[in-house]
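Take a look at the structure set out below.
Residue numbers begin at 1 in each chain, while the letters A, B, ... track the order of the sequences. Heavy-atom basis, side chains included; hydrogens, waters and symmetry copies ignored.
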Amino acid sequence: MKLISEKGVQRILMLTAFSAISALLLIALFILSEGLPFIFKYGLKDFLFSSEWQPNLGKFGIFAMIVASLWVTFGAMIVGAPLGVACAFFLSEYVPRYIMRIIKPTIELLAAIPSVVYGFIGVMVLAPIIRDNFGGPGLSLLSASIILGIMILPTIISISIDSILAVPQSYREGSLALGATIWQTITMVTIKASKSGIIASIILGLGRAIGETMAVIMVAGNSVNIPHSALDSVRTLTANIALEMSYATGLHRQALFATGVVLFVVIIILNSIASVAIRKRMVKK
Amino acid sequence: MAKRFLLIVTTLSLVAIMMGCGKGKASITMAGSTAFQPFAEKLADQYMITHNNVIITVQGGGSAVGIQSANSGAAQIGMADLVILPQEAKDLTATIVAKDGIAVVVNPQNKVANLTSDQVRDIFNGKIANWKEVGGGDIPITVVSREAGSGTRSSFEQIISGINLKKDALIQDSNGTIRETIANDANSIGYVSHGLVNEKIKPLKIDNQDCTSDEIIKGNYKLVRPIFLLVKGNMEGEIKNFIGFVLSEEGQKIIQAQGLLPAK
């Protein structure tokens, strides 16, 4: 009797576990089956390397959006990575543990704020500041980068803290015993021992930044345009799909799915790099 | 496991029962233009009060979807807000049920109050890039437009004609966000549905004609688009009754009360 119920539980758990995997498979299959035919029909080169996006004229080139997505993500990293890593080192090395235990969950609350709210703050507060001080329309690459940089902070901070705390205490004690200051210990010991974890945190943050849609639609201005400066308005791959999906039919709709395929590939690459980096850290331990 | 099974069976039978309930009532699905969607919902609610043997479901999706689903039969009535109906709609019976003006709007701080259609075209094409060229201050113009496929955008571009939107124009995905963008940016220009103009934005005169209900009804204001209800084949039965209701005095009153203009 006991054996049967044990097996039953195992089966149910297996079913539920597979449902998550099959959801992923289904999504991948769906996007590919909707998007790939278009890519073959239209031509991969024209699709990826032309920046003429005029659905009503049958022109579907997403180069400008690929560039925009990369710039926005890069910008978010420039804003978010130094802030996040510095914050992680401060919290794990300089302040007493109990303070960290208060501050870290508070930072993680940032991740719980809906992206619409970030977008709203970007539109109402950040964009006017940029417009009045630097010119341009305000809704721009710069504002999108700043908003995304803040949005990826919790990811970077909490994973970085975990990997910094995983560095054996004896390393630090050894360094401190040799007369190094805390800062010297961080730069010469801790940062080296926790490097792969920090890199993984940044890559996961990147994954989040490149996939973010709502906030970007609200603050980036959405013009299909290769940006010449940080003050230009841009449209990312995700924004393109979300903006036009409701109206798109026929070839236009397929082109949006093909945009999804490109995005999917980029995110898979980013995630695999991150998981390799994380695995490296596990092996080291 | 047995409990699970039971649960599934109960759910399925419940679904079957609920589907059975719809029988005996005529069901009409409307789909299409998001600009007309809220009005259609209001009209459908009113109609269902007096005709409780009909169920009307209203869906959005955009004008393109309206035409497509009326053609495919996915919806009995398609809604479209285009100036000229495309080729795909030639087999559909189109009825104009309302009109909607498109207001060209700027920030209230902007001194400019009047533009010609040529100036509007040049601004959206990027040929005029500074407000001083059209009588405003020496500040660059920020053009705000809608996404490709929007009924408002295609109507606007068809009426003004010859628009090849400049590359760095901002794109917003609804009338509401355009209004917010214009209200926040003193240098910007955009266009929204006439019913959505409020004190935060300033509608411009186009070719010296005010964008007001009066001028639109008189036919003086240029930027007006019709709103079509599309039916495949001939109208009959409940569909005909419903469209009749929309065109009736009562229906037109509802349309007018919500900010659109009557068809006639």
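In this model, no donor atom of one side chain and acceptor atom of the other lie less than 3.5 Å apart for B:R179 and B:S174.
Ion pairing of B:K200 with B:E180 is present here, as a side-chain N (NZ or NE/NH1/NH2) and a carboxylate O approach within less than 4.0 Å. A:R235 and A:E244 are joined by a salt bridge, as a carboxylate oxygen and a charged side-chain nitrogen come within less than 4.0 angstrom of each other. Between B:D185 and A:R131, at least one side-chain nitrogen of the basic residue sits less than 4.0 Å from a carboxylate oxygen of the acidic one, meeting the salt-bridge criterion. Here B:D118 pairs with B:R121 in a salt bridge; the nearest charged N to carboxylate O distance falls below 4.0 Å.
Heavy-atom pairs under 4.5 Å with chain B were tallied for A:A64, A:P227, A:P137, A:S233; the largest tally goes to A:P137. For the options A:L57, A:I217, A:N225, heavy-atom pairs under 4.5 Å to chain B are most numerous at A:N225. By number of non-hydrogen pairs under 4.5 angstrom with chain A, the leading residue of B:N184, B:D173, B:V65 is B:N184.
The part of B:A169 that comes within reach of chain A is its backbone (N, CA, C, O), which places non-hydrogen atoms under 4.5 angstrom from that chain. With a threshold of 4.5 angstrom between heavy atoms, A:S51 approaches chain B through N, CA, C or O but not through any side-chain atom. At a 4.5 Å heavy-atom cutoff, the contact between B:T181 and chain A is made by side-chain atoms alone.
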